[in-house]
Protein chains: 2
Amino acid sequence: MDNKEKLRKVGLRPTKQRMIIADILLDGINRHFTAENLQNEINSSGNSMSIATIYNCLKKFRNCGLIKQVESSKDTAIFDTNINQHHHFLDEETGELIDIENDEVNLHKLPKIPQGYLNNGVEVLIKIKKQI
Amino acid sequence: MDNKEKLRKVGLRPTKQRMIIADILLDGINRHFTAENLQNEINSSGNSMSIATIYNCLKKFRNCGLIKQVESSKDTAIFDTNINQHHHFLDEETGELIDIENDEVNLHKLPKIPQGYLNNGVEVLIKIKKQI
DNA sequence: CAAGTAGTTTAGAACGATTTTAAAGTAAAA
DNA sequence: TTTTACTTTAAAATCGTTCTAAACTACTTG
């Protein structure tokens, strides 16, 4: 399925700008990036785009499930092209994130979900620190 | 141990402002809060403090391990007075966090920590959604 | 295809959280 | 004490992100 179809499938019009971003992000490679990172990639690809459009597009892509946003206490939003349930190592010093595939983690005991709620995804974060 | 000693123990001068904040935060009750929440509590307690001092103090307290900062993709930093390893439920709609004690979760299989790094804490986040 | 309409892009302004500045104040050391 | 290093402050600055409103474009319907 090409990117135009992918966009239509989730109900997004395949505009020029969304296609440029889809061509960069939806290539099957897993990566973590910020809006600014993406803008640099857009520029490097010989295109250009308003930062407002980039934020707009990232929000739509995220809400439509084409990308994910990572839970992170950094001041800049971090997005992830890996939309499968998975986990992360985080080097708090540098902010570097490394993917952990879902089958590398095994949760044996999970707490009872609070009354009236449903489980909507489990994320494990393993903070790591450079050895000295 | 009183709060003055607690501050000295981690190498912080027990100034008037830090004592006011310590008296609010270090009472043994677990809570999640923002800088603004704390400012409101300070005001309610009949004191007042520059917002710069509040941010300053929260950063020092966090760096000294008196409080933790929660990994969260919200635009406002969230702090936690529970400094023991523990986990959270997160209602993504409202941003509400609920503590999960460490012994309520059992990780059976953990991935190998990357070469040259040490495990520096594991956090499990269970995203939950209101049932409809 | 033409015309309409609903959604999209844009530059620039605005916003909100946080940090910086630099000057005045305070705690601890000598 | 007096000195020195650290802390607080209000206000300005900064940074990431969102809003605004006007121009533009994709899709729909006739």
Side-chain angles (χ1 to χ4, degrees), chain A residues 2-24 32-43 45 47-64 66-80 95, chain B residues 2-24 32-43 45 47-64 66-80 95:
Chain A
D2 69 3
N3 289 333
K4 195 168 267 188
E5 283 182 76
K6 281 187 199 163
L7 291 177
R8 280 199 219 278
K9 198 169 160 186
V10 297
L12 292 177
R13 283 192 187 173
T15 64
K16 182 167 165 283
Q17 288 80 358
R18 287 178 186 157
M19 285 302 292
I20 291 169
I21 292 181
D23 288 345
I24 292 172
H32 308 114
F33 63 98
T34 65
E36 201 195 344
N37 296 155
L38 178 57
Q39 188 171 44
N40 292 337
E41 287 202 68
I42 291 167
N43 293 338
S45 76
N47 294 290
S48 77
M49 203 176 295
S50 163
I51 190 68
T53 304
I54 294 174
Y55 277 108
N56 239 311
C57 186
L58 287 174
K59 211 192 281 191
K60 293 257 181 191
F61 277 32
R62 190 237 293 140
N63 292 345
C64 293
L66 294 173
I67 61 176
K68 273 184 164 185
Q69 182 169 355
V70 177
E71 297 291 327
S72 157
S73 45
K74 301 205 75 184
D75 47 2
T76 309
I78 300 171
F79 296 91
D80 193 335
Chain B
D2 68 2
N3 289 334
K4 193 169 267 189
E5 282 183 77
K6 282 186 197 163
L7 292 177
R8 281 200 218 277
K9 197 169 159 185
V10 296
L12 293 178
R13 283 190 189 175
T15 64
K16 182 167 163 283
Q17 288 80 355
R18 288 179 184 156
M19 286 300 294
I20 290 169
I21 291 181
D23 287 345
I24 292 172
H32 307 115
F33 63 98
T34 65
E36 202 195 343
N37 295 156
L38 178 57
Q39 187 171 45
N40 291 336
E41 287 203 68
I42 291 167
N43 293 339
S45 76
N47 293 290
S48 78
M49 204 176 296
S50 164
I51 191 69
T53 304
I54 293 174
Y55 277 107
N56 238 310
C57 186
L58 286 174
K59 211 191 281 189
K60 294 258 181 192
F61 275 33
R62 190 235 294 139
N63 293 344
C64 293
L66 294 173
I67 61 176
K68 274 184 162 184
Q69 183 170 355
V70 177
E71 297 292 325
S72 156
S73 45
K74 301 205 75 183
D75 48 0
T76 308
I78 300 172
F79 296 90
D80 194 335

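Note: hydrogens, waters and symmetry copies are ignored here, and every other heavy atom, side chains too, is used. First the proteins, then the strands, lettered A, B, ... as listed; each starts at 1.
Contact annotation for A:Lys74: no contact, since no heavy-atom pair falls under 4.0 Å across all strands.
Looking at heavy atoms from C-beta onward, B:Asn43 lies in side-chain contact with B:Ser48 at the 4.5 angstrom threshold. Using a 4.5 Å heavy-atom threshold, the side chains of A:Ile24 and A:Ile21 count as separate. In this structure, B:Leu7 and B:Leu66 have side chains that are in contact, with non-hydrogen atoms separated by less than 4.5 Å. By the 4.5 Å heavy-atom criterion applied to side chains, A:Arg18 and A:Leu12 are counted as neighbours. Counting heavy atoms from C-beta on, the side chains of B:Lys6 and B:Asn3 come closer than 4.5 Å.
Of all heavy-atom pairs spanning A:Ile78 and A:Ser72, the tightest one is CD1-OG, 3.8 Å.
Heavy-atom distances to DNA chain C give each of B:Pro14 and B:Thr34 a nearest nucleotide, and the one nearer the 5′ end belongs to B:Thr34.
Protein chain B contacts DNA chain D over a range whose 5' and 3' limits, counting nucleotides with an atom under 4.0 angstrom from a non-hydrogen atom, are D:dA5 to D:dA10.
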**Candidate pair B:Phe33 and B:Leu58, rule side-chain contact (heavy atoms from CB on, under 4.5 Å), full reasoning** = CA-CA 11 Å; B:Phe33 63 98; B:Leu58 286 174; 3.7 Å; yes
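In terms of the side chain to side chain contact (heavy atoms under 4.5 Å, CB included) criterion, residue partners of A:Lys4 (sequence neighbours excluded) are, by chain and number, A:Asp2, A:Arg8, A:Pro14, A:Met19.
Atom P of nucleotide C:dT20 and atom OH of B:Tyr55 are separated by 13 Å, given to the nearest angstrom.
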**Request:** If a protein heavy atom is under 4.0 Å from the base, mark B; if only from the sugar-phosphate, S; if neither, -; do that for nucleotides 1-15 of chain C going 5' to 3'.
**Result:** -----BSSSBB----
